[in-house]
2 protein chains.
Amino acid sequence: MSTTLQYGGRMTQEPRWLSDREQRAWQAYRRMFLLLNAQLSRDLARQSGLSEPDYDVLSSLGSRPDHRCRVSELAERMLWSRSRLSHHLARMEQRGLVVREECATDGRGAVVVLTAPGQRTIEAAAPLHVESVRKYFIDLLTAEEIDVFADVGETVVERLTDTEGRRPTG
Amino acid sequence: MSTTLQYGGRMTQEPRWLSDREQRAWQAYRRMFLLLNAQLSRDLARQSGLSEPDYDVLSSLGSRPDHRCRVSELAERMLWSRSRLSHHLARMEQRGLVVREECATDGRGAVVVLTAPGQRTIEAAAPLHVESVRKYFIDLLTAEEIDVFADVGETVVERLTDTEGRRPTG
DNA sequence: GCAGTGTAGTTGACATGTCATCTACCTCAT
DNA sequence: ATGAGGTAGATGACATGTCAACTACACTGC
């Protein structure tokens, strides 16, 4: 979690270590993610029998009008590597949550489609998951703090996509 | 990443879906974490040959006066399960970054100690890692935003440790 | 001093993610 | 039409994380 950045050693060029305030923010952010993620995963598993990745795939598909999506487009929207998505879809297909179909317009391509059980699952899971997200995160924030998270998040994402242009490619 | 929470289905009791602002914050936060984490991992691997977990273990040990720590205490401070830490220490011991010693005061216990190569590694890695953290996160935030992250992070962590008291136990 | 119970740490089986590679197909210039 | 190079997706080997035992030792009350 890289919570401790201040390392006491002697360097040739003294780096710009984090100030106490910066350190506190970084550490709090990292620990928050770790614990929040663990809690949401637990809730999701207990209440709906889904992992977070499961949930994300299902909800991404469920939010599409026809409950279907090209595999690579889905990967891009989710910021997942194609490989990861391919493996995960294989596991979800085993469980009957989604199916893969051939793509009519591109012989290489595949289309993932939500099955009826998959749809029932995400419909049942979503409200419970929102409750968890509220309980452990959103409802603890003031309106101003919510906006700061949105702004900062978008700024950082922009920095990371524009400048570096690194995408998971696998 | 649970970026989409609004699910369009019909529910028996309409849940409190996220508002647009809340949705934006949640999505931005999740995407930020995903991309930021990926970038920091890449930098760390390229510059120092370490994974983030590697870095965290080394820096936790390095920040101790004597470069040593009881295994379970380390796990607790890092918010890792004992099992995860045990596996990871085994791998790091293989690479010569740390060693495990018997504990003098508790026959069951073990103490992890940073080796000389481990110390050199973390001393070299830390300044580079701080630069990445600054470049892609800290230096993009205003002082106010930094404080918001610290406050919110601590609030959420408190909520998750006090109320639920769930800790990784493995 | 010893049974019962709790704790520290490890281990093995398994789930998941990454990376490099492979196949099949598309696209485009010639 | 064809051959070069690019893209979509799947796959296998491997790294990492989780969960449930398991071992060994510590504590407590009798």
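Quick note on labels: first sequence line is chain A, next is B, and so on, each numbered from 1.
- B:Tyr29 and A:Tyr29 have perpendicular rings, their planes meeting at more than 60° on a 0 to 90° scale where under 30° would count as parallel.
- The aromatic rings of A:Phe137 and B:Trp26 sit tilted relative to each other, their planes meeting at an angle between 30° and 60°.
- With distances taken from any side-chain atom of A:Arg82 to the nucleotides D:dG17, D:dA8, C:dG9, the minimum falls on D:dA8.
- A:Arg120 is linked by a side chain to side chain donor-acceptor pair (under 3.5 Å) to nothing, counting only residues two or more places apart in sequence or in another chain.
- A:His88 comes within 4.0 angstrom of sugar-phosphate atoms only, judged by non-hydrogen atoms across all strands, and of no base.
- With hydrogens and angles ignored, a donor-acceptor pair under 3.5 angstrom links the side chain of B:Ser83 to the base of C:dT11.
- Residue-to-nucleotide contacts include a donor-acceptor pair under 3.5 Å from the side chain of B:His87 to the base of C:dG12.
- Listed for the A:Arg64 side chain is no donor-acceptor partner under 3.5 Å among the backbone atoms of A:Cys69.
- Within the 3.5 Å criterion, the main-chain N or O of A:Leu114 finds no donor-acceptor partner in the side chain of A:Gln119.
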### Summary
Protein-proximity profile, nucleotides 22-27 of chain C, B/S/- by nucleotide at the 4.0 Å heavy-atom cutoff, equals --BBS-
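- Using a 4.0 Å heavy-atom distance criterion, A:Ser72 is classed as a sugar-phosphate-only contact.
- Distances shown here put a side-chain N or O of A:Arg70 below 4.0 Å from the OP1 or OP2 atom of D:dG9.
- The list of ring pair (Phe, Tyr, Trp, His ring centres under 6.0 Å) pairs with a residue in residues 95-127 of chain A, not counting sequence neighbours, is empty.
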